[in-house]
Amino acid sequence: MTRVGVIGSGFGGLAVAVELLRNGHEDVVLWERSDDLGGVWRDNTYPGSGCDVPSPLYQFSFAPRRTWSRRYAPQDEIFDYLHEVAASYGVSGRIVYGRTVVRATWQEEDARWEVGFADGTTEHVEVLVSAVGQLSEPRIPGVTGLEDFTGTAFHSARWDHSWAPRGQRVAVVGTGASAIQFVPHLVRDAASVSVFQRTANYILPKPDGPFPRWYHPAVALERPLFRSAGEGFSRGLDDGSKVAKINKAVSLGHLRRQVRDPELRSKLTPDYPVGCRRILFSNNYYPALTQPHVELVTESVTEVTPTGVRTPDGAEREVDAIVFGTGFAAQDFLAGIEVTGRDGAQLSKQWSDGARAYLGVHVPGFPNLFVAYGPNTNLGGSSIIVMLEAQARHIRMVLDRMAELDHRSVEVTAAAEQVWDRDVQNRLERSAWAQCDSWYRHPVSGRITSNWPGGTRPYEARTAELVPEAFAWE
Ligand code: NAP
């Protein structure tokens, strides 16, 4: 039987493992570098952490839950949910913890991958699936003096729970999807909070609310509703669309209602087309910034002193803690793993101008390697879980065919990958993302490598069918 090794046990790894196990592919192992499953939902434990996609949609279609406490579930509930899914679908026992993959090498003669781990050991599998995610490597910018800071400093995805914000003077660097969730919580307890914003974001109100017991039977009905809303929202990411205009008007109206001070409001008003960076959702971020002990700073932190942070004008703010909500090394797909394919092909070299893959899953030159949440499969609207399930199904169909026809290896053709990539990039050219810089783009080439240009339905349609001619079967 074909042995399948999956790297990672977050939503992606579980999606693939469940799909394989439910369809007769039993020899599956998941390698997890940490001591628990859950991926980003294990790591992002900052106060206020939760999903800004409604839970009826941000869950597996095969494991609907009606007992979410509210429409936008908090992190701990999503984390519990992942544990439940892993247990009920027979995945838990297949996860090996503390196994950090650092190397994977295709061995042509045996048609298998040799997988190397941080502890120097190796294992062999016929099929390798990367499910390491796009947002698993926290990034702290290199600021002079940080190592000599005498207070507490950490990244939001590595929250220091031994530190209590009560009475502390805090600097927050970054104002993305994570920061807007934890800033209101810091503001509640801290003595002062200085939020360092480099770029203002468009923020929409969040239609959040508790799901009382009597409402549980109706929770499932929200899925198709939010699914359709997500498809519409995705259309709003096409350059100049009507939905984009609505998003902009609603977002600026939200800002006007929540922030009365014209100076603060002006700092919070984005100066770029709506949608070209991630649109955020929050009801409590703007109000937090209007508190008297909170300051929004639009200058950058150029230096950290032992007791504070300094801006380019030379001013120093004394702080007890610095929290970095500065995001992730999103462009380093499969970061930290040296992948060598057929004829010594290096994945990092092949992707030096930005990652690319047929369907976001299959890479020419790398037989029997599949990538979940790979290049150009991230979304600006809707739920990534829908995409992961589509990828898992496609991987499973490929394995079905291999088993059926007794193939020992499969590899996407360079031609099929090129046609796919050209089409995706052409469509991305017409999207809002082409209008500005963001973590969706490769830092050097500028290629948009993170996002899928469109809704989840067209992606599902493209992945629902296995096109045998797109692959070389051996
Ligand atoms: P992010 O969106 O990349 O935001 C990072 C923030 O740090 C930005 O404001 C960025 O400014 C700033 N920054 C980065 N480097 C900086 C530097 N050297 N100096 C000053 N500021 C700097 O990161 P994130 O908030 O952690 O979110 C990452 C992604 O995770 C999200 O886009 C989303 O996909 C996902 N996420 C999802 C949820 C959810 O509810 N579903 C919640 C959290 C995160 P610029 O904007 O100027 O670059």
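Counting starts at 1 for both ligands and their atoms, following the listed order.
Remark: aromatic rings of W439 and W433 are distant, center separation not under 6.0 Å. Taking the six-membered ring for Trp and the full ring otherwise, the centers of F211 and W68 sit at least 6.0 Å from each other.
Expressed to the nearest 0.5 Å, how far CG of N376 lies from CG of D421 amounts to 7.0 Å.
Using a 4.0 Å heavy-atom criterion, the residues that approach ligand 1 are Y46, G50, C51, D52, L135, R139, P141, V173, G174, T175, G176, A177, S178, Q181, R198, T199, R277, R278, G325, T326, G327, F328, W439.
In this structure, E137 does not pair ionically with R158, as no charged nitrogen and carboxylate oxygen lie closer than 4.0 Å. Between E32 and R99 there is no salt bridge, since no side-chain N of the basic residue sits under 4.0 Å from a carboxylate O of the acidic one.
Residue pairs satisfying the disulfide (SG to SG under 2.5 Å) criterion with at least one member in residues 268-322, sequence neighbours excluded, are listed as follows: C276-C436.
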